[in-house]
Number of protein chains: 2
Amino acid sequence: MKETRSSSIREIAAGLGVSAATVSNALRGKGRVSPAMVRQIRARAHELGYVPDHAARALRTGKSNTIGLLVPNIGQPLFPAFAQAVERAARQRGLAVLIGDSRGDARQQDFEITNMIARGVDALVVIPTRGTTIAPQSVPVPVAVIDSAATAGNVAASDHREGGRMIARHLIDLGHERVLLLAGPENSLVARERVGGMCELFRSAGIEPVLKHSDATFEAGTAFGRALDLHRFTACAAAYDALAVGFAVAARERGCAIPEDMSLTGFDDLMWAQIVSPSLTTIRQDLQAVADHALSFVAGETDASRIFPIDLVVRESTASPPAFPRKGGRHAE
Amino acid sequence: MKETRSSSIREIAAGLGVSAATVSNALRGKGRVSPAMVRQIRARAHELGYVPDHAARALRTGKSNTIGLLVPNIGQPLFPAFAQAVERAARQRGLAVLIGDSRGDARQQDFEITNMIARGVDALVVIPTRGTTIAPQSVPVPVAVIDSAATAGNVAASDHREGGRMIARHLIDLGHERVLLLAGPENSLVARERVGGMCELFRSAGIEPVLKHSDATFEAGTAFGRALDLHRFTACAAAYDALAVGFAVAARERGCAIPEDMSLTGFDDLMWAQIVSPSLTTIRQDLQAVADHALSFVAGETDASRIFPIDLVVRESTASPPAFPRKGGRHAE
DNA sequence: ACGGATTGGTTAATCGTTTAATCACTCTCC
DNA sequence: GGAGAGTGATTAAACGATTAACCAATCCGT
């Protein structure tokens, strides 16, 4: 009982006694067709519920009006949010989004890219999986790589380094001097930027943070929270929210109060950040802006690569260190 | 400097002095081609980096090897997890996934559906947005609707009703008699099933829960936690994890300890559930199983609709009520 | 050695749309 | 009234892969 599949352009043409070309022209407002005819054709097309065959158009024009979006792992909380932003930006331009998940695997990433190319996407938006890099010249369509500002060929990114600086400045202003830095994966360019920004400012303030590398997971955060000697630090700055939240849980288990005994910061402003208790001071990216720019890049509207400002979101997890003359206090600006 | 775009089938044919048809046959192992020729053709195709033009193939065969996935809101945490499961199931079948987000809007949902049809998807997997329903006969491709078991035309679903029963049984076994039920949106079929399952069992145990409807959001949970008289209840069962977590935060603010003063349960086992403190007793769906069945349905491998079992995950947020002779205790089975 | 099957291929049509090239008119202007 | 300029359409050739129909050999059994 499946409905009769949508009528072709020739059906409309036949019904009106004109040629297929005229219908095509009328529908798209090109060529030379009398206004009266255009109206008739449009009306009939609408009446028949005509929708152009995408494959045929793609074959003829070489454009599929589809872009590919490749994320490292859509299971991780930040990427769906980004996918949503890309999807919105794409729809505004009449583009559909083919989604791919590289599952943190470089080979899978390559496979997905060629697969999407084969499927005729007009462009790609890629968030490279850790430790990998995309060579745009090896891909026959425009590619917007979204990674760190320092990555060669990067097209759009948040200013992770400045975000790192903001976190460090915030902690320094609060009076912290002994800080633990959960630095995330060593081979992540984004993490490197974040950590780089923090270290830069800490050092310029005469502070040498203690760096710990790990995966960017909740569990890794928990492990550090359990293993480390927490009394050595008055603040812990994590390169990812997940690390921070994991650390918080373990710290609380050990009777370390946040922010009273130790301040804690994250990075990304995942949904968790507002929910956990105490709510997390963190950095928020403007994902929609990044996505919009990526789309306008692959659409050829600009050829500039851009770095987007980032926001410090101060919540409850940061305060001045225990024995510190209050300067700002708990809900510091 | 974009690479020369991939060669066509005729290019291979010309280079080997055979016809295009033979190349097509050789590449796909159909028709009659000598083994030697097949090898030659395959070799040359590989050497030229040939990839079949997807649009052309789709036009000719009417199959795009692409499915559309439509979710209500990819920003909400459960759907990305599901999208990942669908994507995996699709890849196993060599299908790509076109993703759409109906943003909780029925009109947008319809628009996305026709849009995807127009793009030639072979099938659709749809999680209907609340209060809407999909009429498969109005869609010219196979559709797997994933909703509640009770929905007409539903193809794959978790057994939300049984999940509700499991929660209720768990709370009853612990000895709770005064229970608050955060029932989620009234027009959500899934929520209705969950709540229905709980009520069914509570009532059969002589318990009449207090129902409160709202959005399935963290904020709504918080609002209830602030507004209600918590002393009236020994347990709160929420139809969604987000509601439960929101409620927990507000309850704690008011000095209500979970699970000592009140037990709390969620639904969905979002990542949060293990992270919040106390960790949340909740229900977990087997998303991969649901996704796999949806795919095998639209692939025509089965025409049965299936309901999948669901798991109770007992964590720290449930215990026997305050003045109750211990039966199970805090970490009850 | 001859009719029929089998093998290895070719031809040509087709999917639905776009687009350059062309055509048949009707105006207009001197 | 005839040359050009518009106007409103038509024709036909793509786009690249698939596939039914056809054809030319070769093989086999009797």
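No hydrogens, no waters, no symmetry mates; every other heavy atom, side chains included, goes into these values. Note that the structure is predicted; figures quoted are calculated from it, not measured. Chain letters run A, B, ... following the sequence lines, proteins first, then strands; residues in each count from 1.
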Could you give the [atom1]-to-[atom2] distance, from [X] to [N], as a whole number of Å?
| X | N | atom1 | atom2 | answer |
| --- | --- | --- | --- | --- |
| A:Glu11 | C:dC15 | CD | C1' | 14 Å |
| B:Lys63 | C:dC15 | NZ | P | 17 Å |
| A:Leu59 | D:dA14 | CG | C1' | 9 Å |
| A:Arg119 | D:dG16 | CZ | P | 19 Å |

Quick one: list whatever passes side-chain contact (heavy atoms from CB on, under 4.5 Å) with [X], sequence neighbours left out.
| X | result |
| --- | --- |
| B:Arg44 | B:Ile12, B:Leu16, B:Glu47, B:Leu48 |
| A:Thr114 | none |
| A:Ser305 | none |

**Prompt:** Could you write nucleotides 17-27 of chain D as a row of B, S and -, 5' to 3', where a protein heavy atom under 4.0 Å of any base atom gives B, of only sugar-phosphate atoms gives S, and otherwise -?
**Reply:** BBB--------

**Request:** Could you check whether A:Gly17 gets within reach of a base, just the sugar-phosphate, or nothing at all, counting any heavy atom under 4.0 Å?
**Result:**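 Result for A:Gly17 = sugar-phosphate.
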
**Message:** Considering every strand and a 4.0 Å limit on heavy-atom distances, what is the contact class for A:Val18: base, sugar-phosphate, or nothing?
**Reply:**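 Answer is sugar-phosphate: A:Val18 comes under 4.0 Å of backbone atoms only.
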
**Pairs satisfying side chain to side chain donor-acceptor pair (under 3.5 Å), at least one member in residues 141-154 of chain A, at least two apart** =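 Those involving residues 141-154 of chain A are A:Asp147-A:Thr151, A:Ser148-A:Thr151.
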
**Asked** Bend angle of the helix from C:dA1-D:dT30 to C:dC30-D:dG1 from five-pair axes at both ends, rounded to 10°?
**Response**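 If I round to tens, the end axes sit 50° apart.
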
**Prompt:** Of all residues at least two apart in sequence or in a different chain, which pass the salt bridge (charged side-chain N to carboxylate O under 4.0 Å, His left out) check with A:Arg284?
**Reply:**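 With sequence neighbours excluded, A:Arg284 shows a salt bridge (charged side-chain N to carboxylate O under 4.0 Å, His left out) to A:Asp269, given in chain and number order.
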
**Message:** Does a side-chain N or O of B:Ser34 approach OP1 or OP2 of C:dG9 to a distance below 4.0 Å, or not?
**Reply:**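 The answer is yes; a side-chain N or O of B:Ser34 sits under 4.0 Å from OP1 or OP2.
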
**Asked** Are side-chain heavy atoms of A:Asp110 and A:Arg107 found at a separation under 4.5 Å?
**Response**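 Side-chain contact under 4.5 Å: no.
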
Show me, pair by pair, the donor-acceptor contacts under 3.5 angstrom made by side chains of residues 116-128 of chain B, not counting sequence neighbours?
unit_1, atom_1, unit_2, atom_2, d
B:Arg119, NH2, A:Ser64, O, 3.4
B:Arg119, NH2, A:Asn65, O, 2.1
B:Asp122, OD1, B:Ser64, N, 2.8
B:Asp122, OD1, B:Ser64, OG, 3.2
B:Asp122, OD2, B:Ser64, N, 3.3
B:Asp122, OD2, B:Asn65, N, 2.6

Report, one line per pair, each donor and acceptor closer than 3.5 Å where one atom sits in a side chain of residues 71-79 of chain A; sequence neighbours left out.
unit_1, atom_1, unit_2, atom_2, d
A:Asn73, OD1, A:Gly75, N, 2.8
A:Asn73, OD1, B:Gln84, NE2, 3.0

